[in-house]
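Scroll down for the structure; my scribbles are underneath it.
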Amino acid sequence: MVAVRNDTDLLAAVRKRFGAAGFGGQDVKGGPPVIWAPAEKLPSLMRYLKGEADRTFPMLFNLTAVDERLRSHRQGQPKGDFSLAYHLFSLDRVEDICVKTALKGGSPSAESIVDVWPAAGWYEREAWDMFGIRFNGHPHLRRILMPPTWEGHPLRKEHPARATEMAPYRLPEAREEKEEQALKFRPEDWGISRRHDDTDFLFLNVGPQHPGTHGLLRIVLQLDGEVIIDAVPDIGYHHRGAEKMGERQTWHTYIPYTDRIDYLGGVLNNLPYVMAVERLAGVEVPERAQAIRVMLSELFRIASHLVWYGTFAQDVGTLSPVFYMFTDRERIFDIIAAICGDRMHPNWFRIGGVADDLPRGWDRLVREFLAWLPPRLREYDRIVMQNRIFKARTVGVGAYSLAEAVEWGVTGPGLRACGLEWDLRKKRPYSGYENFEFDIPTAAAGDCYDRAVVRVAEIRQSLKIVKQCLENMPPGPYKADHPLATTPPKQGTLDDIETLITHFLQIGWGPVIPPGEATAAVEAAKGINSYYLISDGGSGPYRLRIRTPSFPHLQMIPFISRGAMIPDLLAILGSIDYVLADVDR
Amino acid sequence: MSNAIISLITVFGVLVVALSVSAGLIWLERRLLALWQDRYGPNRVGPFGLLQVLADMIKILSKEDWVPPFADAAVFVIAPAVIIVPVLLTFAVITYAPGVAVADLNVGLLFFLAMSSLTVYGVVLAGWASDSKYSLLGSMRAAAQMLSYEVFMSLSLMGVVMLAGSFDLKNIVEAQKGLWYAVPQFSGMLIFLTAGIAETRRLPFDLPEAEGELVAGFHAEYSGMKFALFFVEEYLGITLISVLISVLFLGGWEGPLLPPLAWLAVKTLFFICFFILLRATFPRPRYDQLMSFGWKVMLPLALANLVVTGGILLAVR
C-alpha cells in the first residue's frame, strides 16, 4: 500500500501565507495528509483553511489529542509532550487534511477555535477532559464525558487504565457531600439564565432515565410554557473509556470492543478499525473477504435503520411499528448468527479478512430475507411515512440547511437529507464498494421527515447491494496470506520452524504492527465512523481515536431545537438516530 | 318493597358490571394490541390469560400506598376519587334496556355532559398536587384539551336532541325505532366519537400522559391503588363513551332476535375494540395541532351540523 505523501501544494500555500517557520509535513500510512503548524498560528490557520485558501475545507471532521510523552517513533515530527490533531474535510472535492500542532509542558494550552467552527466546542471539551489541554477562549470549558468531580485526565499515559491500578474506592462523608453538591442543578453552570425580563423559566430535566431519550442521555430544557428556549445536552453517562482500553489491548483483541461502540451497527464498527490496522500493516484484503464484509455491513445497516424506523415511529406516538420492525430485524439476526455466531456483537472481521468462510446454506437465508422485507417495507410506508399525523409531527421540524450541516460536522443520512448526494461508499469507495451498483438517496428540506425518507430509501439500496453480493460472491480465500493477518494461516506450520514460530508468537502476543499512523473511515449507519490509529511498533495501539457520527450530531441539539416544543424535541432526537455508546464511547 | 330491592339490584348490578367490564378491558386491550402487533400478550395466567387481570389487581392492591413528601397530600389523595366518581355517576342515568336503569332522568344527556366536565378537575388536581414538572405539564395539557373538546362534544349531541326532542336517553333510543341516528346524524356521531376519545385521553389524544414525552404526565407520581383508580377510570371512560355512542346513534338496545341487553353489549364492544385499534394505529399530534384541530375544524363542523339539522327540521315540520 502506498503511503500518503505530504500535500506539498497546500503546505507551500500555507508557508507563503504564514511564513515557513514551524510548518512541516509528515508521512502517514493511510488517511489525510498532515500539516504540522505552530500552536500560536492555529486560529488564523483554521480560518484560512476554512474559508480563505484556494482549496477550502469547510467541515471540522474530528479534533483530538495525543499524549506523546511515551512515544518512541516520532522521527521528523516537532518535539512536544502533547499534540492536537484537527481533521478537516472538503465534501465537494472529497479531500481532507489533518493539521497537527505540538504542545509542551504538563498542563498545556492552545487557542480555542470555537469561533471558527462551533462544532469544535464539544471536541475541545473532550480534549480538556481527557488530556487536560486548556483551550483559551472556549466559552464553556468543562468536563464532558467524566463526572465533574473526577480527578486526573484519563487518556494521559500516567492515568491508570484499570480499576485494579487505582486505590480501592471509598466514599467517606466529605466525599459524599462533595459528590452530592456536584449533582445540584445550577442553571448558570450550564450556561443558561434563570429569567428573562419578567419571565421565570421552567427547567425540565429530561433524562438520564427517560423513555424518549433512547439511552442514558440527559437534556436540560429551559422552557417558556412548552416552548424550548434552550436545550443543553449532558453526555458521558455511557462513557466506558473505549479509547483508553485500546491502549492496553493487542491489535487483535480490540476487535470485540469496537462492536460495542455503535451497538446497533455491529460489523460497521469492526470495519474502520481493521481497515486502519491493515493500512498500518500493509495488508491487502482478498476479494471474497471484501465482499463478505460488504454484505455483512449492509445487513447491519438495514438492522440499524429498522431499529431507528420503529423507535422513531414510537417517539411520535405510534406504538405498533416497532414490533414489526424488530421482527424483521430478528430475521437479519438469524442470518448474522448463522454466519458470525452472535447477533448484535458479531466480532467477525479480522486483520486481513474475516474470521471464517461463509457457512453452507448462507445463500438460502439471504435469499429468503430479500424476498421477505420489500413487501413489509411497502406496508410500513403506509402506516408510518404516509400517515398524516406523522407528517404533521415531522415535516418542517428540526430542520437545518446544508451549510449548517457542514458547519456542525453532520454526516450520513442527516447530511443527505439536506440535498447533498454524498456517501463515502461512492465518493471514496473502500472494501470494493466501487464494484456495486446502488444509488445515494437524498431529500431536500433537511427536517425530521426528510431524514426519515433518506433512511427508508437507504434500506432499499442496501437490499440491492446484498442481492448483488448474493449473486456475485467471489470465490477465493477469506483471509489475506500475510504474516500480519490475524489469526495467521495454519498451513505450513508443521513443515518449517519459521512459520511455526511466527504463528506461535502471533497467537500468543498478537501481531506487531510497524510504527506509523493511519486513519480509516466508513459510511456507517449513522454517518461517517472513523478510526485514527497510532502504532509505536508495539503489539497494541499507542493511541486509538474513534470519531463517531453521533457525537457531532448530538452537539447540534441546542441549535435545532430552540423555539420548538417538547414533543418536537422527541421527534428531533428520534430523527437524529444516535446511540449513546456511539456518543460517549 | 320489591321496587326498592329491584332498584338495589340494578344499582349494584350496574356498578359491578361497569367496574368488571373496565377491568376486563385491560385484558382485552392487551390481547388485542398483541394480536395487531405480532406478539402474544398475557396468555399464561388462567385460560387465555384471563386471570391476568385478577393477578394485576392483587398486585396493585398490595402495593405500598405512597404519597410523595413534596406533594400536597390531601389533594393528592382526593384527586383519583374526583376523577372516577363522575364517570361512575354517569352510568346511573343510562337506560341499558327497557326498564334497566338506575335513574330514569329526563335530563340524562345534560347530566352526562355536566359529569364529563367534572373529570377535568380530577386530572388537573392530580397534576397540580403532585408538584412535579412532568405532572404539571401533563395536567396543563389535559385542562386545555378537555375543556376545548367538551365545547363541541355537547354541540355535536344537540342534533340528536333536536331529532328526538328530548334529553332523556330512554326517549332518544325509542325515537330511533325506524332509523338509527347514525344515518341522519353521521357527522354528529363522528364529532362525538372524536371528542369522546379526547375526553378519555386515549391515543391519538393521549397528550396529558404522552409516555414518550412526559413519562406518564399527570399521574406520573401515583402508584398502588391510587394509580389503579386512574387506570380503571380510563377504561370506564372508554366503556361509557362506547355505551353512549350505541345509545345515541345506534339505537341502543334495539335489534332483532337477541335480547336488548345483548344488543347493547355487542354495539358497545364494537366501539371498545375500535378505541383499542386506534391506539394500535395512530401517532400522537402535537399539543398546538390538537388545539387548532379542535377549534378550527371540529368546532365549525359541529356548528354546521347543528345549523343544518335545525334548518332541515324547521323545513320539514
Side-chain angles (χ1 to χ4, degrees), chain A residues 185 201-207 209-214 220-221 223 225-227 310-328 330 376 379 382-397 448 564-574, chain B residues 29-30 32-41 127 131-145 194 197-198 201-217 220 275-293 296-297:
Chain A
F185 174 71
F201 294 122
L202 172 72
F203 296 104
L204 189 67
N205 187 37
V206 180
Q209 307 289 347
H210 187 281
T213 54
H214 302 296
V220 168
L221 295 180
L223 293 173
E226 277 210 32
V227 179
T311 50
F312 185 40
Q314 201 169 35
D315 284 333
V316 291
T318 327
L319 297 176
S320 299
V322 71
F323 294 102
Y324 310 146
M325 286 138 190
F326 271 67
T327 309
D328 300 338
E330 283 307 312
R376 308 256 304 182
E379 210 173 299
R382 284 204 297 277
I383 190 176
V384 182
M385 298 302 288
Q386 292 167 14
N387 184 296
R388 283 169 66 181
I389 303 179
F390 180 82
K391 282 189 177 173
R393 284 292 308 277
T394 53
V395 173
V397 173
C448 293
M565 297 176 79
I566 299 175
D568 292 334
L569 176 77
L570 278 304
I572 289 171
L573 291 182
Chain B
E29 166 147 55
R30 291 177 65 182
L32 279 180
L33 277 182
L35 179 74
W36 287 320
Q37 292 174 343
D38 264 359
R39 54 194 180 87
Y40 289 114
D131 197 14
S132 130
K133 289 172 182 172
Y134 284 107
S135 305
L136 180 69
L137 286 170
S139 65
M140 280 188 340
R141 284 181 179 188
Q145 167 181 333
T194 315
I197 303 164
R201 305 175 305 279
R202 294 277 301 180
L203 250 172
F205 298 135
D206 70 334
L207 282 82
E209 294 164 41
E211 209 241 334
E213 304 161 14
L214 299 184
V215 191
F275 267 80
I276 298 171
L277 181 62
L278 282 183
R279 182 166 169 203
T281 316
F282 276 117
R284 183 188 306 119
R286 209 170 51 209
Y287 174 65
D288 55 322
Q289 291 164 345
L290 180 89
M291 297 305 276
S292 65
F293 178 71
K296 292 181 188 161
V297 180

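Values in this document were obtained by computation on a predicted structure and should not be read as measured data. Proteins get letters first, then strands, A, B, ... in listed order; numbering begins at 1 in each.
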*Which is it for B:Arg202 and B:Glu29 under the salt bridge (charged side-chain N to carboxylate O under 4.0 Å, His left out) test, yes or no, and what are the steps along the way?*
CA-CA 12 Å; B:Arg202 294 277 301 180; B:Glu29 166 147 55; 2.6 Å; yes

Applying a strict 4.5 Å limit to non-hydrogen atoms, the region of A:Ile389 in contact with chain B is both

Heaviest contributor of heavy-atom pairs below 4.5 Å to chain B, chosen from A:Ile566, A:Asp568, A:Leu569, is A:Asp568

Applying a strict 4.5 Å limit to non-hydrogen atoms, the region of B:Arg279 in contact with chain A is both

Take B:Phe282 and B:Phe205 through the ring-ring contact (aromatic ring centres under 6.0 Å, His included) test and state the conclusion after the steps. CA-CA 10 Å; B:Phe282 276 117; B:Phe205 298 135; 9.0 Å; no

Turns out that what part of A:Val384 lies under 4.5 Å from chain B's heavy atoms comes down to neither

Scored by heavy-atom pairs under 4.5 Å with chain B, the best of A:Gly317, A:Pro321, A:Ala392, A:Gly574 is A:Gly317

**Prompt:** Do A:Asn205 and A:His210 meet the criterion of a side-chain donor-acceptor pair at a distance under 3.5 Å?
**Reply:** no

Cut-off 4.5 Å, heavy atoms of chain A, and the answer for B:Arg39 is side chain

Counting C-beta onward and ignoring hydrogens, is there a side-chain heavy-atom pair between A:Val397 and A:Ile572 closer than 4.5 Å? yes

* More than 12 heavy atoms from other groups under 6.0 Å of CD on A:Glu330 -> yes

